[in-house]
Amino acid sequence: MSSEQITLTFPDGAKKEFPKNSTGLEVAESISKGLARNALSITLGNVIMDLDQPIDRDGKISINTWDTEDGQYTFWHSSAHLLAEAIQELYPDAKFGIGPPIENGFYYDIDFGDQSIGKDHLEKIENKMIELARNKSEFKRRVVTKEEALAHYRKIGNEYKVDLIKDLDDSVITFYEQGSFTDLCRGPHIPDTSGIKAVKLTKLAGAYWRGDVNSKQLTRIYGISFPKQKMLEEYLVQVEEAQKRDHKKLGKELGIYMMDAMVGPGLPLWLPNGTVLRRTLESFLREEQVRRGYQEVITPHIANLELYKTSGHYPYYKDSQFNPMEVDDDEYMLKPMNCPHHHRIYSNNLKSYRDLPVRLAEFGTVYRYEQSGELNGMSRVRGFTQDDAHIYCTHDQLKDEIKAVIDLTQFVFKTFGMPVDIRLSFRDDNNEKYGGDLEYWERAQQEINEVADEMNLEYKIVEGEASFYGPKIDFIIRDAIGRKWQLGTVQVDYVMPERFDLTYVGSDNEKHRPVIIHRAPFGSMERFVSILIEHFAGDFPVWLAPTQCKILSISEDYNSYAEKCADKLRDHNIRVSVDGRSEQIGAKIRDAEKSKTPYMLIVGEKEVSDESVSVRRHKKGDIGTFSFTDFLNTITEEVDQLKLPENSE
RNA sequence: GCCAGUGUAGCUCAGGGGUAGAGCAGCGGUUUUGUAAACCGCCGGUCGUCGGUUCAAAUCCGGCCACUGGCUCCA
């Protein structure tokens, strides 16, 4: 009666008392039977727990169902164990590594010994998983001592788990057991396997143990699971939709770029449509930069190796650069970055503090030897163009310059309707990864942090993500279907000014070191275009579309009117083409729709007689007849204002 | 680079030991058309590449190349 009570606070703020050591399930039951039935785990404070674990303290509690991130995490974590159980049944000699839940599902790393696992095996494993799930095996939690845990895995000869246990601190080590499978695991898990109704093993990969290239490569099996078959089907449809946006597919269909084995892997060729797209993006940024006080420069594609030895890039990135070539008695290299060239331009003449900040911009093409397995369409290539710029400024100007650069970057992504998350990438304790004095680093990191706060930015700090010469501000954008991409970066650099002996004469008539800001909002034009294609699913805003308008004549009799309209549009810099083929209008419309041309103008007898055009909008259909002049005004306004398509964010 | 896959006409794909097939595209005709595919005909491939097995290889086996999904890496 007088047993101790604990107070739990629910997500809606309600507080309720429960007897100490009540379980999550009991708490859920006290709210509703339905909730108890759907509950997968609970989150107490920031710890996720099993439903049957006793709750021994006050705290914020939430009951995790499938509809919550923590619930799905629990569900997929348990699914990983189910995968392992199935594999243990089918391949008794398999040794298990780690099997965590991930953003979309789960994976398990497994040592299959000499056996190679192919796609054919996956179906067998899937079926076994479903069979085992139906056994309704409970996930049983068991606390063990470190010695017990080690003894268990030494006995069954699993060196991976032994390796893991050795690194655990001595607090609480737990095993989870379901059916015939026992696993070292922190938990939590769903009550039993019967909730897992649908399973799909999606990918097969080699994965190095603990991510170390020198360790053994295990077989990683990726999968996803759901509490209902229908959810799996919906998920597969979603995956299919995402594949329809794939820039490799659309890039080919829309004539954006091509790859050619004779040219070489990772070296994209920009086709005419892609070139229009890219040049339009470049002009957009170039004009914005001119407005913001940048000066454009052009530098060559190769340089003497000495340049990169001076910058310090050469030893750091030797393996990911094309081999140097011998020229006369010197060694030259394809340029892997633009910065050193710009530093030399800065040094071309003596700078006064009155000259600063100097902002040098270049759409600079660089070449990096990416590993063959890493190449991917346009998003990972060996030759690409950065929208690079370097800002040389005084310490006093630094914060304002960072602000201006952040402002530019935010402006750019807003133009494409892409929400941005900001990450401050700082160094960690691994001194070997970084160059320059620790003192400079700390200063730069502090300044970045101050700027972010002064601008009221929402950000998170991630240690260990800095570049070798300085901390970064990374912009992580989300595309139209919610995927995240790391794009623009802003980097503060105190190292290169030293290495290149960059100076300016201050008001005190003494020489001082400038600070450098490296920045690239798009990052790489190739990668950005690949992301844009997928973001817009190829349905570009009018200002970006390679062909903005197609004029379709009802019959050849109206071709001359079509041409006349086209000429007038061209006079206003609209990219227009005429389809005057001897085809039926339905066929012309179909072709224009398939090419994702934003505006189609249908012209026939009516339009010729009253100087009008019948306007059709891509994906929307017929939007009515307008006078030619009205249409001209509409489209030019849409281009000038860089309007986004209505269906995008 | 490593693991698992894929490679047949410009594109999408079928065929699966007895020397290739469709649709679309292209080209030539006919048609002159009102909001997502008119009709007829023609052209088009040493089946990624090199080698092996075989009387015979697009098909089976192996090396290489390219591509895809991961791992590692990413100035």
Side-chain angles (χ1 to χ4, degrees), chain A residues 107 109 112 116-122 202-222 243 246 248-249 252-253 258-266 308 311-314 316-321 335-340 366 368-377 380 386 388 433 435 465-470 472 486 489 491 493 495-496 518 520 523-524 527 552-559 580-594 600-607 614-625:
Chain A
Y107 68 79
D109 282 349
F112 283 97
S116 170
I117 296 295
K119 281 190 172 152
D120 310 342
H121 301 86
L122 294 185
T202 49
K203 284 173 256 181
L204 207 48
Y208 301 106
W209 173 240
R210 301 204 135 180
D212 179 357
V213 188
N214 299 314
S215 298
K216 180 158 184 183
Q217 192 166 44
L218 309 181
T219 304
R220 176 172 297 178
I221 299 177
Y222 285 90
Q243 277 167 359
D246 188 284
K248 294 183 283 295
K249 180 178 174 294
K252 183 189 266 185
E253 284 172 12
M258 61 176 276
M259 289 291 182
D260 184 78
M262 203 183 279
V263 174
Y308 306 108
S311 71
H313 286 101
Y314 184 68
Y316 271 91
Y317 296 105
K318 199 170 175 296
D319 292 341
S320 49
Q321 291 167 175
K335 76 168 163 183
M337 80 292 299
N338 303 300
C339 355
V366 298
R368 296 178 186 175
Y369 180 78
E370 304 289 356
Q371 296 181 88
S372 61
E374 194 52 49
L375 301 174
N376 182 322
R380 196 71 190 268
Q386 296 177 306
D388 216 351
K433 275 162 65 183
E465 285 291 318
S467 79
F468 90 90
Y469 52 74
K472 303 189 288 180
Q486 188 194 316
T489 67
Q491 307 173 12
D493 178 4
V495 176
M496 292 302 147
H518 303 242
S524 123
R527 194 166 116 89
L552 318 177
S553 58
I554 294 290
S555 85
E556 287 168 30
D557 294 343
Y558 314 109
N559 282 356
R581 291 175 303 166
S582 139
E583 284 286 351
Q584 292 185 349
I585 195 64
K588 295 187 185 182
I589 287 171
R590 185 181 143 85
D591 289 348
E593 288 282 355
K594 284 208 316 187
M600 286 148 275
L601 304 183
I602 287 122
V603 297
E605 194 179 346
K606 275 187 297 203
E607 290 75 17
S614 171
V615 181
R616 189 186 164 96
R617 191 73 224 256
H618 173 53
K619 293 184 90 176
K620 270 165 62 181
D622 191 354
I623 57 172
T625 300

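Chain naming here is simple, since letters A, B, ... match the order of the sequence lines and numbering starts at 1 in each. Quick caveat: nothing in here was measured; it's all calculated off a predicted structure. In what follows, every heavy atom counts, from backbone to side chain, and hydrogens, waters and symmetry copies are set aside.
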Calculate the interatomic distance between [X] atom [atom1] and [N] atom [atom2]; express it in whole Å.
X	N	atom1	atom2	value
A:K318	B:rA75	NZ	P	19 Å
A:H518	B:rA75	NE2	C1'	9 Å
A:K588	B:rA38	NZ	P	11 Å
A:R617	B:rA36	CZ	C1'	17 Å
A:Q371	B:rC74	CD	C1'	10 Å
A:Y107	B:rC3	OH	C1'	15 Å
A:L122	B:rG70	CG	P	15 Å
A:K119	B:rU6	NZ	C1'	8 Å

Check this one for me: any side-chain N or O of [X] less than 4.0 Å away from OP1 or OP2 of [N]?
X	N	value
A:Y222	B:rC71	yes
A:T219	B:rA4	no
A:K252	B:rU12	yes

Steps toward side-chain hydrogen bond (donor to acceptor under 3.5 Å, both in side chains) verdict (A:Q321, A:Y314): CA-CA 8 Å; A:Q321 291 167 175; A:Y314 184 68; 5.9 Å; no
Distance, [atom1] atom - from [M] to [N], rounded to whole angstrom:
N	M	atom1	result
B:rA58	B:rG16	P	15 Å
B:rG10	B:rC47	P	13 Å
B:rC11	B:rU46	P	14 Å
B:rC61	B:rU54	P	16 Å
B:rG48	B:rC40	C1'	36 Å
B:rG44	B:rC39	P	24 Å
B:rC60	B:rG18	P	11 Å
B:rC24	B:rA37	P	14 Å

Contact class for [X] (heavy atom, under 4.0 Å): base, sugar-phosphate, or nothing?
X	result
A:Q243	nothing
A:R220	sugar-phosphate
A:I117	sugar-phosphate
A:Y316	nothing

Report the residues that fulfil ring-ring contact (aromatic ring centres under 6.0 Å, His included) with [X], sequence neighbours left out, ordered by chain and then residue number.
X	result
A:Y317	A:F468
A:Y208	none
A:F112	A:Y91

Determine whether [X] and [Y] make a side-chain contact, defined as any pair of heavy atoms from C-beta on separated by less than 4.5 Å.
X	Y	result
A:N376	A:K248	yes
A:I221	A:L204	yes
A:C339	A:M496	no

Run the salt bridge (Lys or Arg N to Asp or Glu O under 4.0 Å) test against [X] and tell me which residues pass, sequence neighbours left out.
X	result
A:R581	A:D579, A:D591
A:K119	none
A:R220	A:D109
A:E253	A:K249

Protein-nucleotides 62-69 of chain B N/O pairs under 3.5 Å:
| from | atom 1 | to | atom 2 | distance (Å) |
| --- | --- | --- | --- | --- |
| B:rU68 | OP1 | A:G377 | N | 3.0 |
| B:rG69 | OP1 | A:K248 | NZ | 3.2 |
| B:rG69 | OP2 | A:N376 | ND2 | 3.0 |
| B:rG69 | N2 | A:L204 | O | 2.8 |

Worked verdict on A:M258 versus A:K252 for side-chain contact (heavy atoms from CB on, under 4.5 Å): CA-CA 7 Å; A:M258 61 176 276; A:K252 183 189 266 185; over 6 Å; no
Summary of protein contacts for nucleotides 25-34 of chain B, nucleotide by nucleotide, where a base hit scores B, a sugar-phosphate-only hit scores S (4.0 Å, heavy atoms): ------BBBB
Heavy-atom donor-acceptor pair, A:E593 side chain to A:R590 backbone, under 3.5 Å: no
Donor-acceptor under 3.5 Å (A:S553 side chain, A:E556 main chain): no
Distance criterion of 3.5 Å, no angle test: do you see the side chain of [X] paired donor-to-acceptor with the base of [N]?
X	N	answer
A:Y369	B:rG1	no
A:R368	B:rC74	no
A:R380	B:rC73	yes

Qualifying residues under side-chain hydrogen bond (donor to acceptor under 3.5 Å, both in side chains), relative to A:K620, sequence neighbours excluded: A:E646
Stacking of A:F468 on B:rA75 base (centres under 5.5 Å, planes under 30°): no
Base-pair map of RNA chain B as dot-bracket, where | denotes pairing with a different strand and pairs are Watson-Crick or G-U under 3.5 Å: (((((((..((((....[..)))).(((((.......))))).....(((((..]....))))))))))))....
Interface polar pairs with nucleotides 43-48 of chain B, N/O, under 3.5 angstrom:
none

Qualifying residue, where the test is side chain to side chain contact (heavy atoms under 4.5 Å, CB included) with A:R616 and the options are A:L552, A:I602, A:L601: A:I602
A:L218 or A:C339, whichever maps to the more 5' nucleotide of RNA chain B: A:L218
Residue mapping more 5' on RNA chain B - nearest nucleotide basis, A:E465 or A:E593: A:E593
Flag if over 12 foreign heavy atoms under 6.0 Å of NZ, A:K433: yes
